Amino acid sequence: MNIVLATRNKKKVEEIKRIVRDMPVAIYTLDDFPGCPDVEEDGKTFEENAVKKASAVSKYTKTPALADDSGLEVDALAGEPGVFSARYAGEGADDRKNYEKLLREMSSVPDGKRGARFVCVLALAFPDSRVETFSGYAEGLIGRKPKGADGFGYDPVFYPQGYERTFAEMGDKEKDLLSHRGMALGGLYAYIKAVHKKN
Ligand code: ITT
């Protein structure tokens, strides 16, 4: 199956390509389809945004398209930044500004109340308008200062449950085994295998 990745986030492209390496799919990116329009992410849920992004790109490219909508839900902030994770510190904010804002907002939150989870919803849309979705979660805690240089986004401040290292202090393989994106891609893998078996 040919799949075009409906994302402009280079770090997501890197992670997704790495995790689907062994799947029977040929991966394309938006670089292969110059002129593909941007999609406004105005959904209230990860699923709405993922479906919207994948459907628009599949329609334009006439190819199955895979979108990833993801973010961080923090318990002490009533689930924020959630679907606003990419622009938490404002439109065009970079990863560092976003996690610095998060650490400021969390500065008075005690150790026992720093729970959070990464959420990833993948949507695989087909040119005939069918859409399949796959979800993944990674539970953990928000630290008090950034640690590590790998990964992206909020990785330097996120400690997956049971670990004393942040995602940004882990190698690729370790993050992929624990991450929300790894879990959601596991669902995609099972789907693709089932489709292959049928055909
Ligand atoms: P596309 O919509 O083009 O895919 P985006 O970066 O705008 O790219 P999202 O709207 O889904 O993507 O925002 C996701 C944000 O959530 C992302 O920018 C990170 O800040 C954060 N995030 C998602 N997955 C993450 C991960 O594995 N590690 C750290 N932060 C992550």
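Here the structure is a predicted model, which means the values were calculated and not measured. In this chain, numbering begins with 1 at the start of the sequence shown. Both ligands and their constituent atoms are indexed starting at 1 by order of listing.
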Checklist entry - For ligand 1, which atoms, with element, lie under 4.0 Å from some heavy atom of Asp68? => result 4 (O), 11 (O)
Checklist entry - What's the shortest heavy-atom distance between Pro127 and Ser58, and which atoms? => result N-OG, 3.1 Å
Checklist outcome for this item: To atom 3 (O) of ligand 1, the nearest of Arg8, His180, Glu41 on a heavy-atom basis is Arg8
Checklist entry - Looking only at protein heavy atoms, which one is nearest to atom 11 (O) of ligand 1, and how far off is it? => result Lys12 NZ, 2.9 Å
Checklist entry - Strictly under 4.0 Å, does any heavy atom of Phe152 approach an atom of ligand 1? => result yes
Checklist entry - Are side-chain N/O atoms of Asn9 and Thr7 paired as donor and acceptor at under 3.5 Å? => result no
Item to check | Aromatic centroids of Tyr191 and Phe134 separated by under 6.0 Å | outcome: yes
Checklist entry - Can you list the ligand 1 atoms lying under 4.0 Å from a non-hydrogen atom of Ser85? => result 15 (C), 16 (O)
Next on the checklist: Among all protein heavy atoms in this structure, tell me which lies nearest to atom 23 (C) of ligand 1, with the distance rounded to 0.1 Å.
Outcome noted: Ser70 OG, 3.2 Å
Checklist entry - Taking distance alone, with no angle check, do Asp95 and ligand 1 share an N/O pair under 3.5 Å? => result no
Item to check | Closest to atom 27 (O) of ligand 1 (judged by heavy-atom distance), picking from Lys175, Lys11, Arg87, Glu15 | outcome: Lys175
Item to check | Cluster link Phe152 to Val157, ILVMFWY, side chain under 4.5 Å | outcome: no
Next on the checklist: Strictly distance-based, threshold 3.5 Å: is any side-chain N or O of Thr166 a donor or acceptor partner for the main-chain N or O of Phe158?
Outcome noted: no
Next on the checklist: Taking Ala86's backbone N and O only, do any of them form a donor-acceptor pair with Asn98's side chain (distance below 3.5 Å, no angle check)?
Outcome noted: yes
Checklist entry - Can you list the ligand 1 atoms lying under 4.0 Å from a non-hydrogen atom of Asp69? => result 9 (P), 10 (O), 11 (O)
Checklist entry - Does Gly71 have a non-hydrogen atom less than 4.0 Å from ligand 1? => result yes
Checklist entry - Run the salt bridge (charged side-chain N to carboxylate O under 4.0 Å, His left out) check on Asp128 and Arg130 step by step: do they pass? => result CA-CA 6 Å; Asp128 66 3; Arg130 267 180 313 130; 3.2 Å; yes
Checklist entry - Going by heavy atoms, is Asp155 under 4.0 Å from ligand 1? => result yes
Checklist entry - How far is atom 1 (P) of ligand 1 from its nearest protein heavy atom, and which residue and atom name does that atom have? => result Thr7 OG1, 3.5 Å
Item to check | Salt bridge flag under 4.0 Å for residues Arg8 and Asp38 | outcome: yes
Item to check | Candidate with minimal heavy-atom separation from atom 18 (O) of ligand 1, of Ala86, Gly43, Ala67, Gly82 | outcome: Ala86
Next on the checklist: Are any of the N/O atoms on Asn98, whether in the backbone or the side chain, positioned under 3.5 angstrom from an N/O atom of ligand 1?
Outcome noted: no
Checklist entry - Taking non-hydrogen atoms only, is Phe118 closer than 4.0 angstrom to ligand 1 via side chain, backbone, both or neither? => result side chain
Checklist entry - Testing Glu41, Glu48, Glu47 for salt bridge (Lys or Arg N to Asp or Glu O under 4.0 Å) with Lys53, which one passes? => result Glu41
Checklist entry - In terms of residue, atom name and distance, what is the protein heavy atom nearest to atom 6 (O) of ligand 1? => result Asn9 ND2, 2.9 Å
Next on the checklist: Tell me the protein heavy atom at minimum distance from atom 30 (N) of ligand 1, and give that distance in Å.
Outcome noted: Tyr154 N, 3.1 Å
Next on the checklist: When you group the ILVMFWY residues by side-chain heavy-atom contacts below 4.5 Å and let the links chain together, are Val195 and Val20 in the same group?
Outcome noted: yes
Checklist entry - Cluster question for you: counting only ILVMFWY and a side-chain heavy-atom cut-off of under 4.5 Å, with indirect links fine, are Val83 and Tyr88 together? => result no
Item to check | Closest approach of any protein heavy atom to atom 24 (N) of ligand 1, naming residue and atom | outcome: Arg181 NH2, 3.0 Å
